[in-house]
Amino acid sequence: MNIHEYQGKSLFRGAGLPVVAGVHCTSVEQALSAYDDLASKIVAVKSQIHAGGRGKGILYDPETGAEVMQGGVKIAFNRDDVETYATNLLGNKLVTKQTGEVGKIVNNLYIESGCAIAHEYYLAILVDREEKMPLIMASTEGGMDIEEVAESTPEAIHKIHVDINVGVTDAQASGLASSLGLDGAASDSFVTMVQGLFSFFAEKDCAMVEINPLVRTDDDEMVLLDAKVSFDENALFRHPDIVELRDLSEEEATEIRAKEAGLSYVKLDGDIGCLVNGAGLAMATMDVIKLYGGEPANFLDVGGGADEQQVETAFSIIMEDPNVKGILVNIFGGIMRCDIIARGVIAATESLGLEDPLVVRLVGTNFEEGRAILAASDLNIHTAETLAEGAEKIVSLIGGGQ
């Protein structure tokens with residue numbers, strides 16, 4: 001689960017972490033009042049969307065498609081600048097590397113006091129799944145895309161793994177500060193900050209905390225000038241206060257609907273819908289579709305105990321994507337019975353009036369009954385015995401492939 005920068009800054013402030021003053025706004029009038037209240041001659045006017053690369057993004061009018069302004073984060077030197085930038089940002093579509101061409105409408109702003117920046121750094125805490133430990137990454141190349149830094153100057157990225165039961169030790173924090181060229185008061189400030197930020201990461205069950213930039217001020221204080229925070233959804237039951245921060249307008253409507261139905265759905269850019277049971281099977285299905293020259297339109301996992309209604313809901317969600325030209329159902333029956341899936345497929349095909357090509361592969365519990373049910377129907381449903389056969393067949397049916 002992701003949250004906005006202004007929400008992350010509020011959580012940081014509550015945890016005693018160093019941030020500058022800022023105000024969340026949803027209108028130009030609020031932005032102007034925020035400028036007056038902050039009493040800072042220079043402020044940053046920041047668009048708030050769930051995507052990175054805002055500073056290098058481009059604003060477009062959502063109705064005409066005309067370019068409005070370059071940059072989703074602007075520095076305002078006076079009240080008139082705040083009005084201009086707030087007007088250009090709110091209600092317009094911000095397109096960044098992470099949003100893709102579809103972009104995101106800017107409905108929220110964060111007006112933040114100016115900061116005397118001596119240097120910008122990059123800092124992130126995430127989970128290293130291979131090592132099964134939290135990982136802290138830091139670089140002197142703040143303000144840049146970390147992917148570019150990793151590719152061009154990998155030696156500029158410093159990493160340490162942290163024992164979740166111990167936290168960041170003084171030696172680890174001091175060593176990381178030294179790697180960044182920090183000493184004296186700046187090093188002391190960094191040590192306090194990184195230990196506090198890791199405690200926040202662990203206590204809030206974060207999946208990632210990214211600060212870009214982390215800045216050293218002219219008086220050698222380290223300040224979190226960004227807050228990209230995501231949380232482990234499996235641990236949200238422990239944090240009802242965090243759940244309340246969820247901005248559903250920033251999430252795909254179909255993903256929300258899928259979640260409410262107990263399904264896992266992620267929209268992709270292809271034209272072959274995928275309905276499977278199990279995350280690993282979903283990944284394998286998408287890989288094999290690509291192997292045969294197709295492009296998956298989604299990741300949709302109905303889980304191990306879906307009923308006919310959930311299968312029908314899954315189909316309807318897939319069909320809401322106008323890019324879908326065909327659907328591949330790949331079910332391995334364990335707890336889930338293939339005959340139930342077959343009936344759900346037929347019910348969904350009939351009730352939704354599915355006309356796109358449909359290929360179904362069933363193996364496992366009651367797979368023979370499931371295949372018999374599909375064969376007895378007079379619907380245009382194609383069956384396959386193997387994943388490779390199913391993928392090749394659906395790619396061929398929609399006229400794709402190499």
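Side-chain atoms are counted along with the backbone in the values below, which use heavy atoms only and exclude waters and symmetry mates.
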**Asked** At their closest point, which heavy atom of Asn92 faces which heavy atom of Asp61, and how far apart are they?
**Response** OD1-CA, 3.6 Å
**Asked** Is there a donor-acceptor pair closer than 3.5 Å between any side-chain N or O of Ser230 and the backbone N or O of Met1?
**Response** no
**Salt bridge present between Glu233 and Arg246 (N-O < 4.0 angstrom)** = yes
**Request:** Let me see the working for Leu358 and Val345 under side-chain contact (heavy atoms from CB on, under 4.5 Å), right down to the final yes or no.
**Result:** CA-CA 10 Å; Leu358 172 62; Val345 168; 3.8 Å; yes
**Message:** Is there a side-chain contact between Phe77 and Lys41 in this structure, where contact means two heavy atoms from C-beta onward sitting under 4.5 Å apart?
**Reply:** no
**Prompt:** Side-chain contact, heavy-atom cut-off 4.5 Å: Leu59 with Leu89?
**Reply:** yes
**Asked** If we only count heavy atoms from C-beta on, is the Leu225 to Glu112 side-chain gap below 4.5 Å?
**Response** yes
**Item:** Stepwise side-chain contact (heavy atoms from CB on, under 4.5 Å) test for Leu94 and Ile58
**Value:** CA-CA 6 Å; Leu94 180 59; Ile58 301 177; 5.8 Å; no
**Asked** Above 12 or not: heavy atoms from other molecules or residues under 6.0 Å from CE of Met208?
**Response** yes
**Item:** Separation between CG of Asn2 and CD1 of Ile49, rounded to the nearest 0.5 Å
**Value:** 11.5 Å
**Check: Arg343 side chain, Cys338 main-chain N or O, donor-acceptor pair, under 3.5 Å** = no
**Asked** Has the side chain of His24 got a donor or acceptor atom that lies under 3.5 Å from a matching backbone atom of Asn108?
**Response** no
**Prompt:** Would you say Tyr122 and Ile211 make side-chain contact, with heavy atoms under 4.5 Å?
**Reply:** no
**Asked** Does the side chain of Arg79 reach to within under 4.5 Å of the side chain of Leu32, using non-hydrogen atoms?
**Response** yes
**Message:** Can you tell me how far apart CG (Asn277) and CD1 (Ile331) are? Round to the nearest 0.5 Å.
**Reply:** 4.0 Å
**Message:** Please determine whether a side-chain nitrogen of the Lys or Arg among Arg216 and Glu120 lies less than 4.0 Å from a carboxylate oxygen of the Asp or Glu.
**Reply:** no
**Message:** Strictly below 4.0 Å, N to O, side chains only: are Lys74 and Asp81 in salt-bridge contact?
**Reply:** no
**Message:** Taking NZ in Lys325 as the centre, count heavy atoms belonging to other residues, nucleotides or ligands within less than 6.0 Å. Is the count above 12?
**Reply:** no
**Message:** To the nearest 0.5 Å, what is the distance between CD1 on Ile317 and CD on Glu312?
**Reply:** 11.5 Å
**Message:** Under a 3.5 Å distance rule, please check whether Glu141 uses its side chain to pair with a backbone N or O of Tyr121 as donor and acceptor.
**Reply:** no
**Item:** Minimum heavy-atom distance between Gly273 and Val324, given as atom pair plus value
**Value:** N-CG1, 4.1 Å
**Message:** Do Glu350 and Leu379 make a side-chain contact, defined as non-hydrogen atoms from C-beta onward lying under 4.5 Å apart?
**Reply:** yes
**Prompt:** Just checking, Lys46 and Tyr110: is the charged tip under 6.0 Å from the six-membered ring centre and within 45° of the axis?
**Reply:** no
**Complete:** Nearest heavy-atom approach of Gln310 to Leu263 is O-CD1, 4.0 Å
**Under the side-chain contact (heavy atoms from CB on, under 4.5 Å) test, residues paired with Asn366 that sit two or more places apart** = Arg337, Asp339, Glu369
**Prompt:** Do Gln30 and Thr26 have side-chain atoms, one donor and one acceptor, less than 3.5 Å apart?
**Reply:** yes
**Prompt:** Lys267 and Asn323: side-chain contact (heavy atoms from CB on, under 4.5 Å), yes or no, with the steps?
**Reply:** CA-CA 11 Å; Lys267 186 181 182 305; Asn323 296 324; 4.1 Å; yes
**Item:** Phe200 and Phe12 aromatic centres sub-6.0 Å
**Value:** yes
**Prompt:** Does a salt bridge link Lys104 with Glu250, judged by any charged N lying under 4.0 Å from a carboxylate O?
**Reply:** yes
**Message:** Whether the side chain of Gln7 engages the backbone of Leu245 through a donor-acceptor N/O pair (distance < 3.5 Å, no angle test) should be reported.
**Reply:** yes
**Prompt:** Do Val243 and Asp241 come close enough that some side-chain heavy atom pair is under 4.5 Å?
**Reply:** no
**Message:** Closer than 3.5 angstrom, by distance alone: can the side chain of Ser40 be matched with the main-chain N or O of Ser113 as a donor-acceptor pair?
**Reply:** no
**Prompt:** Is Asp301 reaching over with its side chain to a backbone N or O of Gly278, donor-acceptor style, under 3.5 angstrom?
**Reply:** yes
**Fill in**
His4 and Asp247 have their tightest heavy-atom pair at NE2-OD2, 2.8 Å
**Request:** Kindly determine whether Thr383 and Arg371 satisfy side-chain contact (heavy atoms from CB on, under 4.5 Å), including the steps that lead there.
**Result:** CA-CA 8 Å; Thr383 60; Arg371 290 180 185 176; 5.6 Å; no
**Request:** Quick one: do Lys159 and Asp128 satisfy salt bridge (charged side-chain N to carboxylate O under 4.0 Å, His left out)? Show the steps, please.
**Result:** CA-CA 11 Å; Lys159 303 177 181 180; Asp128 185 333; over 6 Å; no
**Pairwise distance CG(Leu328) to CG(Leu387) - rounded to 0.5 angstrom** = 7.0 Å
**Request:** Ignoring hydrogens and angles, tell me if any N or O in the side chain of Ser396 forms a donor-acceptor pair with the backbone of Glu392 under 3.5 Å.
**Result:** no
**Complete:** The side-chain contact (heavy atoms from CB on, under 4.5 Å) partners of Pro134 (sequence neighbours excluded) come to Ile164, Phe198, Phe201
**Message:** Using the rule given for salt bridge (charged side-chain N to carboxylate O under 4.0 Å, His left out), can you reason through Glu63 versus Lys93, listing the C-alpha separation, both sets of side-chain angles and the distance that settles it, and then say yes or no?
**Reply:** CA-CA 9 Å; Glu63 295 183 0; Lys93 180 175 71 173; over 6 Å; no
**Request:** Evaluate salt bridge (charged side-chain N to carboxylate O under 4.0 Å, His left out) for Lys9 paired with Glu5, printing each intermediate quantity in order.
**Result:** CA-CA 6 Å; Lys9 292 281 180 69; Glu5 176 192 2; 2.9 Å; yes
**Prompt:** If you take all heavy atoms of Leu275 and Val311, which pair is closest and at what distance?
**Reply:** CD1-O, 4.2 Å
**Message:** We want to know whether Thr313 and Arg257 form a side-chain donor-acceptor pair, criterion being a heavy-atom distance below 3.5 angstrom.
**Reply:** no
**Asked** With Leu268, which residues qualify under side-chain contact (heavy atoms from CB on, under 4.5 Å), at least two apart?
**Response** Val266, Met286, Pro296
**Prompt:** Does the Asn298 side chain pair with the main chain of Cys274, one donor and one acceptor, at a distance under 3.5 Å?
**Reply:** yes
**Asked** Looking only at atom types and distance, does a side-chain atom of Ser189 sit under 3.5 Å from a main-chain N or O of Met222, one as donor and one as acceptor?
**Response** yes
**Item:** Arg361 and Glu389 ion-paired at < 4.0 Å
**Value:** no
**Asked** Just wondering, more than 12 heavy atoms not from Glu385 lying within 6.0 Å of its CD?
**Response** no
**Closest non-hydrogen atom pair between Ala282 and Phe299, with its separation** = CB-CE1, 3.4 Å
**Request:** Output the distance between atom CG (Asn234) and atom CG (Asp232), rounded to the nearest 0.5 Å.
**Result:** 5.0 Å
**Prompt:** To the nearest 0.5 Å, what is the distance between SG (Cys25) and CG (Leu90)?
**Reply:** 8.5 Å
**Asked** Does His158 reach the side chain of Leu176, with side-chain heavy atoms less than 4.5 Å apart?
**Response** yes
**Item:** Any side-chain donor near an acceptor of the partner, Gln195 and Asp170, under 3.5 Å
**Value:** yes
**Asked** Is the shortest distance from a Lys or Arg side-chain nitrogen in Asp226 or Arg54 to a carboxylate oxygen in the other one below 4.0 Å?
**Response** yes
